[in-house]
**Student:** 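Quick one: the structure is below, questions incoming.
Here is how names work: the chains are called A, B, and so on, in the same order as the sequence lines, proteins then strands, and each is numbered from 1. In this text the structure is predicted, and so the values were computed from the model without any measurement.
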Amino acid sequence: MLDIQFIRENPEEVAQKTKQKGYEVNVHELLRFDEERRELLGAIEAVRAKRNDNAAKMKNGKPAPELIEQGKAIKAELAELEERFAVVDEAFAELLMAVPNMPLADVPVGLTEDENQIAKTVGDPTAFDFEPKQHWELAEPRGLIDKERAAKIAGSRFAYLKGDIVRLQFAIVQFVMQTLGDEQIIEKLVKENGLNITAKPFTPILPPAMLRTEPYVASARLNAEEVTYKIEQDDLWLNASAEHTLCTMYWNEILPEEQLPIRYLGYSTSFRREAGTYGKDAEGIFRMHQFDKLEMEVFSTPETGLDEHLLLVAIQEYLLRQLGIPYRVVQKCTADIGKPNARGIDMDAWLPGQNAYRETHTADYMTDYQARDLKIRTRRKDGSIVLVHTNDATAFALGRTMIAIMENCQTADGHVIIPEVLRPFMGGKSEI
RNA sequence: GGAAGGGUGUCCGAGCGGUUUAAGGAAACGGUCUUGAAAACCGUCGUGCCGGCAACGGUACCGUGGGUUCGAAUCCCACCCCUUCCGCCA
């Protein structure tokens, strides 16, 4: 949620930016509830003080009957106030939760994704002296992807991946783990981008793939049940990204400042119901109910949050360049960055088979919006306590990355040249 | 899944419904002593919210949510988690 103090002090700005993000919240009504709520809270606390006082008088020995009578009256008075408070508080909380994070100044204002801006394009679309195929045309005939049998067992949008494509996935995982664990590479990227943050490498992490409702809601990442799988029996949800189980990891904790930034490289299977996407990307493995993903997650001080975000974007670009995949960087507009986001970047990889750029990466900067609900704070060296800033970003969505490799590195006879950097993890193999 | 025992502050650990304003210890920080350090001694030492420029005051929080009571860490109910034993299992 957004800082109520900030909303009190900047109601017009909050109303305007809320609108820019495509959200409808009556800020003035919110502030009226806020005021009423505080008034009632003051009254309640005064009555409670009276109650505590009254009870204290009865500490020693036999309670006087008139004190008990007084206590009963106080109890009734308190109950009446608390009832009124509960109503106001609920209305207040509902409005407050509806307020999105404020976009940073450089986020383009726009109400649909058409107003996203292409920040830059890197590499030319791969040239072929033959008609490039779509990834499933390459993979299915060779038995690398079997969707028919998967449909028999689990339904549509599932697949069996087999053979060299599986080796490729784990080669990518190894490559990314090695790259993000290399302090020199991080340092180089920090310097190149003029960032004022450490070169601390990323720690690989395998998170749970499920989480409970309470932390999920607090993460501001729980989408409607149309999008996310729910395990009713156990009050658990299947995560739609490792970022969901990573950002919630320090829920309700105060981290010593020396520990920051905490940089994780998470690997997790992600699950999405993809309701309402019937027919869209039906072929191949572009849009699946289940896919594996490498996700970066960073907890930092407020001062370094933006630089951490820029580092994550730089890493995404570096990884794509290492694989030799042409891509473009998209600065998402106010309506497209998402409710908890202050800034959001997408990366679209060039897919020759589709003759189009398609989204393969996202980088999200939440400032303290997500941390406020998750109650993740840091204790500074001077003893003060502040909310951390959170960042998440895709390292590689493995399915889509393999699509990009297959389509960009395909040969006329339907094989795939393995990018140089992956070969050490493919047993030296240069083609599959 | 069955049985038993537990969840108290950064950690350990007390806590017969009303001297709990949560004992005591450890760690940490500040100080005295010391050439310096250790030891010893003295002091400080949870989080949120409301009010206040501030010192401070009020209030809530002892796994979570409800209930009983004039009064709940303490009693009752439900749920979550942890430990041990048994069963099952990669």
**Student:** Can you check the R48(A) CZ to A72(B) C1' distance for me, whole Å?
**Tutor:**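 Value for this atom pair: 14 Å.
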**Student:** Rounded to the nearest angstrom, tell me the gap between atom NZ in K75(A) and atom P in G67(B).
**Tutor:**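 Whole-Å distance recorded here is 10 Å.
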**Student:** Below 4.0 angstrom from OP1 or OP2 of C50(B), is there any side-chain N or O of R8(A)?
**Tutor:**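 Result: yes.
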**Student:** Return yes if a side-chain donor-acceptor contact under 3.5 Å exists between N341(A) and D364(A), otherwise no.
**Tutor:** yes
**Student:** May I ask you to verify if any side-chain N or O of R379(A) is less than 4.0 angstrom from the OP1 or OP2 atom of U47(B)?
**Tutor:**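 Yes, R379(A) has a side-chain N/O under 4.0 Å of OP1/OP2 on U47(B).
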**Student:** If you assign G71(A) and R51(A) each to the RNA chain B nucleotide with the nearest heavy atom, which residue ends up on the more 5' nucleotide?
**Tutor:**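 Checking each residue's closest nucleotide, the 5'-ward one belongs to R51(A).
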**Student:** Just N and O in the side chain of N52(A): are any of them under 4.0 Å from OP1 or OP2 of A60(B)?
**Tutor:**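 Looking at the OP1 and OP2 atoms of A60(B), one of them is under 4.0 Å from a side-chain N or O of N52(A).
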**Student:** State whether a side-chain donor-acceptor pair under 3.5 Å links S300(A) with E308(A).
**Tutor:** no
**Student:** Which is true for I385(A) with a 4.0 Å heavy-atom rule: it touches a base, it touches only sugar-phosphate, or it touches nothing?
**Tutor:**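 Counting heavy atoms under 4.0 Å across all strands, the contact made by I385(A) is with sugar-phosphate only.
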**Student:** For the pair made of CZ in R377(A) and C1' in G46(B), what is the distance, rounded to whole Å?
**Tutor:** 10 Å
**Student:** Nearest whole Å is fine: how far is A60(B) C1' from L41(A) CG?
**Tutor:**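 Value for this atom pair: 9 Å.
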**Student:** For L78(A) and G58(B), what is the distance between atoms CG and P respectively, to the nearest whole Å?
**Tutor:**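 One finds 17 Å between P of G58(B) and CG of L78(A), rounded.
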**Student:** Tell me which nucleotide, if any, is Watson-Crick or G-U wobble paired with U83(B) when both distances must be under 3.5 Å.
**Tutor:**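 By the stated definition (distances under 3.5 Å), A4(B) pairs with U83(B).
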